[in-house]
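Note sheet for the following structure.
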2 protein chains.
Amino acid sequence: MSGDGTVGKALDVLDQVAEFGRPVRFGTLLEASPFPKATLYRFLQTLTNQRMLEYDAERQTYALGVRLVRLAHAAWTQSSLAPLARPHLDALSAKIGLTVHLAQLDSGQVLYIDKRNAAQPVDMYSQAGKIGPAYCTGVGKAMLAFLPDAEQARALTQQSFHVFTKQTLASKTALKAELKNIVTRGHAFDREEHEPGIICVAVPILSAGARVLGGLSITGSTKDTDYGQLDTHVPDLKSTAAAIARAAQDWRFPGADPLQQTGT
Amino acid sequence: MSGDGTVGKALDVLDQVAEFGRPVRFGTLLEASPFPKATLYRFLQTLTNQRMLEYDAERQTYALGVRLVRLAHAAWTQSSLAPLARPHLDALSAKIGLTVHLAQLDSGQVLYIDKRNAAQPVDMYSQAGKIGPAYCTGVGKAMLAFLPDAEQARALTQQSFHVFTKQTLASKTALKAELKNIVTRGHAFDREEHEPGIICVAVPILSAGARVLGGLSITGSTKDTDYGQLDTHVPDLKSTAAAIARAAQDWRFPGADPLQQTGT
DNA sequence: ATTTCAGTTCCATTATTTGGAACTCGGTTT
DNA sequence: AAACCGAGTTCCAAATAATGGAACTGAAAT
């Protein structure tokens with residue numbers, strides 16, 4: 001799919017294995033692969049040597065390797081908002097006692113990078129790294145709404161517009177209108193657009209230069225909460241988002257004047 | 001370092017960026033890189049295109065990309081013991097109320113894949129994916145001890161034998177002797193070998209075929225606990241390790257007779 | 001105006017990847 | 001027993017991509 005020479009192809013193979021979500025046999029991969037047998041075979045060999053994949057000789061299956069877990073630890077630490085945002089998430093979660101999500105946008109999709117769950121506090125790693133649709137989730141829409149026009153347009157073409165519930169906004173036009181509302185309102189709702197019974201409020205995390213750094217949301221079920229109640233949390237959400245943005249700023253320009261490089 | 005054509009080299013570059021642990025400039029990487037300027041440049045381009053790296057145009061720095069977080073989620077889910085072991089860790093941690101680590105062996109090093117921390121329960125992602133030395137930690141030694149001879153020999157050559165404390169076993173000979181004790185005893189101690197004041201007991205997680213799947217440890221500080229007290233937790237550790245091994249078995253051979261393929 | 005340096009591009013040479021076809025090895029069918 | 005099968009593996013000449021020395025750019029320092 002993505003060109004970029006040999007490396008790109010090898011990474012495509014990695015993604016493919018990841019998509020199966022379970023150890024997978026050579027033949028199965030071959031069916032789903034654009035590569036001829038010998039080529040795919042060699043890629044698998046290489047990736048296994050590199051321990052990006054692990055081969056189970058007994059079962060003859062390939063699975064993602066531990067080297068990825070190692071790399072991801074570094075990635076999560078250095079390239080996402082998560083470590084910076086953590087204390088703020090803790091505080092927010094403690095204050096309001098509902099499920100909180102922290103996400104970033106990754107090729108038009110929502111990538112959850114941290115979470116605080118009211119009921120069972122330690123469900124994190126299983127959720128961080130998870131992806132979800134942008135057009136029908138609170139965080140997704142909040143981030144899309146504040147994207148610069150060009151990026152927003154590109155992101156919109158990447159939406160699948162699968163209809164999950166009756167409330168799902170299943171067209172670009174409907175979504176665009178909603179995004180305008182979100183910008184004027186300053187926050188987004190998910191009105192059971194992704195899962196029936198699940199609603200949420202979300203705000204974007206914006207840098208001083210109004211760049212979308214990520215999104216922050218509070219989720220509840222229709223049984224336990226309603227839009228009015230979620231609305232009351234918006235100030236908390238906004239101040240947390242602002243605090244995270246500030247932390248990001250300080251970290252990116254430690255001790256220096258912020259953003260003087262963009263000014264003309 | 002690791003050959004394997006273009007893909008191997010590109011992954012080496014990735015590792016290099018990871019090692020810096022922070023966004024890093026082209027020049028800095030170049031100094032530490034075996035590749036000529038143009039070649040390194042092209043690798044960085046490719047990896048950035050592939051979103052394995054992220055380039056910050058303002059600061060001119062490269063950092064690990066979010067695609068890794070995504071892949072790692074899949075890796076953690078499908079290729080490590082962590083998801084299987086989670087309920088057992090929860091139970092163990094709840095019962096004994098001390099810090100618990102779950103680890104696997106990755107090229108002679110300890111790779112922590114899950115953790116329960118007594119005091120501050122949500123410190124997980126920051127730890128999962130972390131690596132540590134094998135020769136001077138409880139889990140490390142427990143796993144090394146039960147490795148088949150050939151693998152153990154290979155793993156021993158991969159130890160750095162850096163002296164962290166007075167107790168550190170800083171030679172292959174000393175370590176080998178200790179490993180023998182561990183096998184007969186069935187569990188390993190870390191007697192402040194890695195960090196002063198930190199002690200731990202650990203057991204290996206062994207499959208039905210006696211393959212080392214991972215390790216499990218309980219950690220405490222010399223202030224709060226002592227070897228005698230840790231010793232009392234060994235039965236709990238062992239039964240948890242056994243439970244995890246059983247879960248792994250069931251998962252690898254769902255509904256089938258275990259391990260009949262190795263018989264003869 | 002000149003130098004310096006980090007980062008980027010060019011392009012002929014070189015090395016790697018590519019994939020069709022042929023092979024191997026259990027197991028199954030005739 | 002011989003032939004067959006299909007999954008997995010290896011081979012090798014042709015096609016393609018990677019390589020890196022050198023030259024370029026643009027911004028900052030002198």
Side-chain angles (χ1 to χ4, degrees), chain A residues 1-17 20 22-50 52-63 65 252-253 256-257 259-264, chain B residues 1-17 20 22-50 52-65 253 256-257 259-264:
Chain A
M1 294 285 114
S2 49
D4 256 326
T6 316
V7 176
K9 290 176 208 160
L11 292 175
D12 284 350
V13 172
L14 246 200
D15 270 350
Q16 234 195 78
V17 176
F20 278 91
R22 58 182 163 72
V24 64
R25 301 178 66 109
F26 177 82
T28 318
L29 279 171
L30 184 58
E31 281 172 39
S33 170
F35 304 110
K37 225 193 326 184
T39 304
L40 178 63
Y41 180 72
R42 248 173 307 100
F43 275 132
L44 291 173
Q45 297 264 79
T46 305
L47 290 169
T48 305
N49 274 340
Q50 295 295 325
M52 297 300 266
L53 291 180
E54 241 150 61
Y55 181 66
D56 180 334
E58 257 171 47
R59 310 215 75 202
Q60 303 191 128
T61 54
Y62 293 90
R252 292 189 58 210
F253 308 100
D257 270 351
L259 275 178
Q260 242 24 289
Q261 14 248 347
T262 17
T264 317
Chain B
M1 294 279 115
S2 49
D4 255 325
T6 316
V7 176
K9 290 176 210 162
L11 292 175
D12 283 350
V13 173
L14 246 199
D15 269 351
Q16 234 195 78
V17 177
F20 278 92
R22 58 182 164 71
V24 63
R25 300 178 70 108
F26 177 81
T28 319
L29 278 170
L30 184 58
E31 280 173 40
S33 169
F35 304 110
K37 222 186 343 178
T39 304
L40 177 63
Y41 181 73
R42 246 173 309 100
F43 274 133
L44 291 173
Q45 296 264 80
T46 305
L47 289 169
T48 305
N49 275 340
Q50 295 295 325
M52 297 299 265
L53 291 180
E54 240 151 62
Y55 182 66
D56 180 333
E58 256 171 48
R59 308 215 77 201
Q60 304 192 125
T61 54
Y62 294 89
L64 295 180
F253 308 98
D257 270 352
L259 276 179
Q260 245 20 294
Q261 13 249 346
T262 18
T264 317

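Every chain is numbered from 1, with letters handed out A, B, ... down the list of sequences. The structure presented is a predicted model; accordingly, all values stated were derived computationally and were not measured.
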On DNA chain C, reading 5' to 3', which nucleotide is the first and which the last to sit with an atom under 4.0 Å from a heavy atom of chain B, could you check?
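First-to-last contact on DNA chain C, by the 4.0 Å heavy-atom rule, is C:dG7 to C:dT17.
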Write down the distance between [atom1] ([X]) and [atom2] ([N]), rounded to a whole number of angstrom.
| X | N | atom1 | atom2 | result |
| --- | --- | --- | --- | --- |
| B:D12 | D:dT19 | CG | P | 12 Å |
| B:N49 | D:dA18 | CG | P | 12 Å |
| A:Y41 | D:dC11 | OH | P | 11 Å |
| A:Q45 | D:dG8 | CD | P | 13 Å |

Relative to the 5' end of DNA chain D, which residue comes earlier, B:A38 or A:Q60, by the nucleotide with the nearest heavy atom?
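Mapping each residue to its closest nucleotide by heavy atoms, the 5'-most match is A:Q60.
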Apply ring pair (Phe, Tyr, Trp, His ring centres under 6.0 Å) to A:F20 and list each qualifying residue two or more places apart in sequence or on a separate chain.
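Scan of A:F20 (ring pair (Phe, Tyr, Trp, His ring centres under 6.0 Å), adjacent residues dropped) gives none.
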Dump every N/O contact between nucleotides 24-30 of chain D and the protein below 3.5 Å, one line per pair.
none

On DNA chain C, does the nearest nucleotide to B:R42 precede the nearest nucleotide to B:T28 from the 5' side, or the other way round? Give the residue.
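Of the two residues, B:T28 wins.
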Nearest 0.5 angstrom please: A:L30 CG to A:Q16 CD, how far?
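Going from the CG atom of A:L30 to the CD atom of A:Q16 covers 9.5 Å.
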OG1 on B:T61 to CZ on B:R22, rounded to 0.5 Å
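It is 10.0 Å, given to the nearest 0.5 Å.
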Would you give me the side-chain donor-acceptor pairs under 3.5 Å for residues 33-48 of chain A, sequence neighbours excluded?
unit_1, atom_1, unit_2, atom_2, d
A:S33, OG, A:F35, N, 3.0
A:T46, OG1, A:R42, O, 2.9
A:T48, OG1, A:L44, O, 2.6

Taking both distances under 3.5 Å as the test for a Watson-Crick or G-U pair, what stems of at least three pairs does DNA chain D have?
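Looking at DNA chain D, the stems formed by three or more consecutive pairs are C:1-30 with D:1-30.
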Taking the side chain as C-beta and beyond, is there a heavy-atom pair between B:R25 and B:Y62 under 4.5 Å?
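No, side chains not in contact.
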Under a 4.5 Å cut-off applied to non-hydrogen side-chain atoms, are A:V7 and A:L11 in contact?
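Counting from C-beta outward, A:V7 and A:L11 do come under 4.5 Å.
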With a 4.0 Å cut-off on heavy atoms, is B:R25 in touch with a base, just the backbone sugar-phosphate, or nothing at all?
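Sugar-phosphate, no base atom in range.
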